[in-house]
Enquirer: 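Please see the structure below; I have some questions.
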Amino acid sequence: MGRTRDVNGLRQYKDLRIRELFGDDVLIPLHMVCSKGFNSSNQDHKELLSKHQIILFSEKYRNYIDTVRKESQSPEFAYIQLLGFFRKDKPDYGIKTSIDSFHSKSGKNKKHDVFTFSISPDEMLKISTVSHQAKSLIFDEDDRSTEYYQRLLKKGRVKDISNWLSKNQNPFPNNILVSYRGASKLVWEKNPIKDNEKGMGKSVGVLKFDACPGTFHVIDGQHRLFSYTGIEKKPGSIRETHRLIV
């Protein structure tokens, strides 16, 4: 752990230098130790991250991220997955996001809250991640309570859908289904003026949540969403102008 102590001791000076070069609140430095041949436990990862804000990027994490990158052929998607691991519940994209949405109830006895909203792919990509079946392999036996329900993105499908989006310039009409995994509760504020859909089983209002990596886990529609990583990031691109129904 000597290298970890070195990183921890130098962290404040590196952060200061980054602020001098780029200004405050422009970049968020991530400090990482990449280990090889070191038998680390989940507790090692959690303690370094919580106590020192240092990412122990051990072989099991690195192998998973590398597999994601190779399978999807999308470096951006691999980076999104990495942030979902290590920046979960960190408000990297603003303290609160407020978005117009509909609220309804579903499930047995209508106990589950369902929110439907429209958002740009660029905004949704930053706060979404996927729980892969392969991802469960990197966790210890006592930490496998989380459900993993998606296969890895396939490079052929990502490329094909990206090409289709670029050619047709039209978004998909079907919705993206996600599960909220944020640390804080969703805040729903009903709009009494617009809420005139009586008898329709839904209400109109504003949904508020922290904009963190991994805020939403994609249950259905991962290829439709993450294929936008194949679209060039530039002002006015369909990453910004398209709207997704979530």
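Heavy atoms only: backbone and side chains are in, while hydrogens, waters and symmetry mates are out.
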Enquirer: Do Val206 and Asp100 come within less than 4.5 Å of each other through their side chains, counting heavy atoms only?
Expert: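 SC-SC contact between Val206 and Asp100 confirmed.
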Enquirer: Shortest non-hydrogen contact from Pro121 to Leu244?
Expert: CA-CD1, 3.8 Å
Enquirer: For Gly84 and Pro213, work out which heavy atoms get closest and say how close.
Expert: N-CB, 4.3 Å
Enquirer: Once you round to the nearest 0.5 Å, how far does CD1 of Ile18 lie from CD1 of Ile28?
Expert: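 One gets 11.0 Å once the value is rounded to the nearest 0.5 Å.
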Enquirer: Below 4.5 Å, heavy atoms only, C-beta onward: do His217 and Val130 meet side chain to side chain?
Expert: no
Enquirer: Is Val178 reachable from Tyr93 through a run of I, L, V, M, F, W or Y residues, each pair having side-chain heavy atoms under 4.5 Å apart?
Expert: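 Hydrophobic grouping puts Tyr93 with Val178.
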Enquirer: Please name all residues satisfying side chain to side chain donor-acceptor pair (under 3.5 Å) with Glu20, sequence neighbours left out, ordered by chain then number.
Expert: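 Counting only residues at least two positions away or on another chain, Glu20 forms a side chain to side chain donor-acceptor pair (under 3.5 Å) with Arg17.
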Enquirer: Suppose the criterion is salt bridge (charged side-chain N to carboxylate O under 4.0 Å, His left out): which pairs have a residue in residues 70-87, not counting sequence neighbours?
Expert: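 Listed once each, the pairs are Asp66-Lys70, Glu71-Lys154, Glu76-Arg239, Arg87-Asp92.
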Enquirer: So, the side chain of Thr215 versus the backbone of Ala211: is there a donor-acceptor pair under 3.5 Å, distance only?
Expert: no
Enquirer: Do Gln53 side-chain atoms and Ser50 backbone N/O form a donor-acceptor pair below 3.5 Å?
Expert: yes
Enquirer: Transitively linked via ILVMFWY side-chain contacts under 4.5 Å: Leu177 with Val114?
Expert: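 In one cluster with Leu177: Val114, no.
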Enquirer: Roughly how far, to the nearest 0.5 Å, is the CZ atom of Phe216 from the CG atom of Leu225?
Expert: 11.5 Å
Enquirer: Please identify each residue that fulfils salt bridge (charged side-chain N to carboxylate O under 4.0 Å, His left out) with Lys96, with sequence neighbours left out.
Expert: Asp210
Enquirer: Would a hydrophobic clustering, with Ile, Leu, Val, Met, Phe, Trp and Tyr connected at side-chain separations under 4.5 Å, put Val246 with Ile99?
Expert: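 Yes, same cluster.
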Enquirer: My understanding is that only residues two or more places apart in sequence, or in another chain, count here; which of them pass side-chain contact (heavy atoms from CB on, under 4.5 Å) with Tyr79?
Expert: Leu83
Enquirer: How would you list, by chain and number, every residue that makes a ring pair (Phe, Tyr, Trp, His ring centres under 6.0 Å) with Phe86, sequence neighbours excluded?
Expert: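 So Phe86 forms a ring pair (Phe, Tyr, Trp, His ring centres under 6.0 Å) with Tyr61.
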Enquirer: Who pairs with Phe22 by ring pair (Phe, Tyr, Trp, His ring centres under 6.0 Å), at least two apart in sequence or on another chain?
Expert: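 Applying ring pair (Phe, Tyr, Trp, His ring centres under 6.0 Å) to Phe22 gives none.
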Enquirer: Minimum heavy-atom separation for Ile127 and Glu123, please, with both atom names.
Expert: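 Closest approach of Ile127 to Glu123: CG1-O, 3.6 Å.
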Enquirer: Using side-chain contact (heavy atoms from CB on, under 4.5 Å) as the criterion, list what pairs up with Glu59, not counting sequence neighbours.
Expert: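 In terms of side-chain contact (heavy atoms from CB on, under 4.5 Å), with neighbours along the sequence ignored, Glu59 is linked to Lys36, Arg62, Asn63.
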Enquirer: Once you round to the nearest 0.5 Å, how far does CD1 of Ile119 lie from OG1 of Thr97?
Expert: 7.0 Å
Enquirer: Is the distance between the ring centroids of Phe115 and Phe102 under 6.0 Å?
Expert: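 No.
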Enquirer: Taking side chain to side chain donor-acceptor pair (under 3.5 Å) as the definition, give me every residue that meets it alongside Ser118, ordered by chain and number, with sequence neighbours left out.
Expert: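 Here the qualifying residues are Arg243.
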Enquirer: Could you tell me if Gln81 and Tyr64 have a donor-acceptor pair between their side chains, going purely by distance under 3.5 Å?
Expert: yes
Enquirer: Compare all side-chain heavy atoms of Pro171 with those of Tyr228 and state whether any distance is below 4.5 angstrom.
Expert: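 Side-chain contact under 4.5 Å: yes.
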Enquirer: If the test is side chain to side chain contact (heavy atoms under 4.5 Å, CB included), which one of Leu49, Ile54, Leu56 qualifies with His52?
Expert: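 Per the side chain to side chain contact (heavy atoms under 4.5 Å, CB included) rule, the option paired with His52 is Ile54, out of Leu49, Ile54, Leu56.
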Enquirer: Nearest heavy-atom pair of Gly236 and Thr241: which atoms, and what distance?
Expert: O-CG2, 3.7 Å
Enquirer: How would you list, by chain and number, every residue that makes a ring pair (Phe, Tyr, Trp, His ring centres under 6.0 Å) with His223, sequence neighbours excluded?
Expert: none
Enquirer: Could you check whether any side-chain heavy atom of His112 comes within less than 4.5 Å of a side-chain heavy atom of Ser106, counting everything from C-beta outward?
Expert: yes
Enquirer: Applying salt bridge (charged side-chain N to carboxylate O under 4.0 Å, His left out), name anything that partners Lys88, two or more places apart in sequence or on another chain.
Expert: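 Counting only residues at least two positions away or on another chain, Lys88 forms no salt bridge (charged side-chain N to carboxylate O under 4.0 Å, His left out).
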Enquirer: Report the relative orientation of the aromatic rings in Phe209 and Phe117; use parallel for angles under 30°, tilted for 30 to 60°, perpendicular for over 60°.
Expert: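 Judged by the thresholds at 30° and 60°, the geometry between Phe209 and Phe117 is tilted.
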Enquirer: Extract all donor-acceptor atom pairs below 3.5 Å that involve side chains of residues 156-165 and protein atoms in other chains or at least two apart in sequence.
Expert:
| from | atom 1 | to | atom 2 | distance (Å) |
| --- | --- | --- | --- | --- |
| Ser162 | OG | Val158 | O | 2.9 |
| Ser162 | OG | Ser227 | O | 2.5 |
| Asn163 | ND2 | Lys159 | O | 3.3 |

Enquirer: In Å, rounded to the nearest 0.5 Å, how long is the span from NZ of Lys60 to CD1 of Ile65?
Expert: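 With rounding to 0.5 Å, NZ (Lys60) is 13.0 Å from CD1 (Ile65).
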Enquirer: With a 4.5 Å cut-off on side-chain heavy-atom distances among I, L, V, M, F, W and Y, is there a chain of contacts connecting Ile245 to Leu186?
Expert: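 Ile245 and Leu186: separate clusters.
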Enquirer: Could you go through the side-chain contact (heavy atoms from CB on, under 4.5 Å) check for Lys190 and Val204 one step at a time?
Expert: CA-CA 6 Å; Lys190 188 175 180 178; Val204 182; over 6 Å; no
Enquirer: Where do Leu125 and Ile80 come nearest, in terms of heavy atoms and distance?
Expert: O-CD1, 3.6 Å
Enquirer: Working to the nearest 0.5 angstrom, can you tell me the gap between Asp122 CG and Ile238 CD1?
Expert: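 Going from the CG atom of Asp122 to the CD1 atom of Ile238 covers 11.0 Å.
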Enquirer: Identify, with sequence neighbours excluded, every residue that meets side chain to side chain donor-acceptor pair (under 3.5 Å) alongside Glu232.
Expert: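 Once residues adjacent in sequence are excluded, Glu232 has no partner under the side chain to side chain donor-acceptor pair (under 3.5 Å) criterion.
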Enquirer: Looking at every heavy atom in both Asn175 and Arg224, which two are closest together, and how far apart are they?
Expert: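 Heavy atoms of Asn175 and Arg224 come nearest at O-NH1, 2.9 Å.
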Enquirer: Once rounded to the nearest 0.5 Å, what's the spacing between atom SG of Cys212 and atom NZ of Lys126?
Expert: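 The distance works out to 12.0 Å.
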Enquirer: Given 3.5 Å as the limit, does a donor-acceptor pair link the side chain of Ser74 with the main chain of Phe77, or not?
Expert: yes
